[in-house]
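Following: one structure in structure tokens, then a few remarks.
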Amino acid sequence: FADFSHMTSFKKLFYGCSKLTNIEHFDEIDVSHITNMNQMFYGCVSLVDITPLKTWRTRSVTDFSGFLGGTGIVNTDGLQGFTFESAYSLYEFFYGCDFLVDLNGISGWKLKGITETARMFMNCFSLKDLTPLKDLDMSTVSNVDSMFAIVGSSKCGKITTLNGLQNWKMSNVRFFNRMFGGQDWLNDISAISGWDVSNGVNFEQMLNGVACLTLGALSGWNMARANVLTDMFYRSRKVYSEKLGKYVVSLGGYYFDYSDNEYVEYEVTPPDLEKLTQDASAISGWSVPSGRQAFDTTEGYATWTNIPAWN
């Protein structure tokens, strides 16, 4: 097998290798001296099996940005041995992994020392079960921007509940912007009710597009440091059609059915759509400088009532 002992960086080593399917024998590579794995497999859309990485010892790596972004992986088997003693960021680690569903392989990761998980699972459209992440140590993380967001796509995510995240220590996080933005079918946020967000300053679009929010789950949040709430609850787009017997999504005056993880546009707009009414009074006790911009009241979207005046 190739000798990599003279290298310290694997940055973009297989970047965009769309036909790469087999990394057999990669378990024979000594990576203990490698410091950079930025976008190493980024765009390897045909790469599904990463179990040969199970022997890798990554204690010297400082940069994992985009490591597996855009690959075809379904699970995280092979990543159990990854450690982050020298790393500070997991930015876009799994970005755009369309088929990723199983996170059990990273359930034992020790993240203490990591300060950024921004866009880590962004546009992972098939991801639904977050419970394998329940023991992640988030205590040193300060930036979770777009961590689970769905952005710029006609597809939508499958996350419906945040169960598994309830014990995350979030007291050092400053940037919560767009963390769950675009997860149109997320309807249970009760798991994050106990989060300590007291150091958070930016909550822009954190829950934009999320359906059927019950804001009572957030009533106990300490928002004293928050200075950006723009579009935090922007465009909750889920509406119900009696005729169709189902919920559909409203987007820019068009209506879409959630089917096969795609938005399927109706040729004829259902005539009996009923806009949801969502009550915002539960968070009236937040102490924030200005918050009305957190709510969208655009015609055709969910109707917010009892929007707090705040300061």
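None of the values given here were measured: they were computed from a predicted structure.
- Between the side chains of Asn38 and Asn36, no donor-acceptor pair of N or O atoms lies under 3.5 Å.
- Pairs engaging residues 157-178 under the ring-ring contact (aromatic ring centres under 6.0 Å, His included) rule: Phe176-Phe203 [sequence neighbours left out].
- The shortest non-hydrogen separation linking Val48 to Ile73 is O-CG2, 3.6 Å.
- Partners of Glu92 under the side-chain hydrogen bond (donor to acceptor under 3.5 Å, both in side chains) rule, at least two apart in sequence or in another chain, are Arg119.
- Phe41 and Phe67 have perpendicular rings, their planes meeting at more than 60° on a 0 to 90° scale where under 30° would count as parallel.
- In this structure, Thr140 and Gly113 approach most closely via the heavy-atom pair OG1-N, 2.8 Å.
- Within the 4.5 Å cutoff, the side chain of Trp109 has heavy atoms near those of the Leu79 side chain.
- The two residues Ser107 and Asp135 come nearest to each other via the heavy atoms O-CB, 4.3 Å.
- The aromatic rings of Phe84 and Phe93 sit perpendicular to each other, their planes meeting at more than 60°, with 30° as the lower class boundary.
- Here the side chains of Asp145 and Arg178 are in contact, with some heavy-atom distance below 4.5 Å.
- Side-chain rings of Phe99 and Phe125 stay apart, their centers remaining 6.0 Å or farther from each other.
- For CZ of Phe14, the number of neighbouring non-hydrogen atoms (other residues, nucleotides, ligands) closer than 6.0 Å is greater than 12.
- In terms of heavy atoms, Glu116 sits closest to Asn143 at OE2-ND2, 3.5 Å.
- With 3.5 Å as the limit, one finds a donor-acceptor pair spanning the side chains of Arg225 and Asn199.
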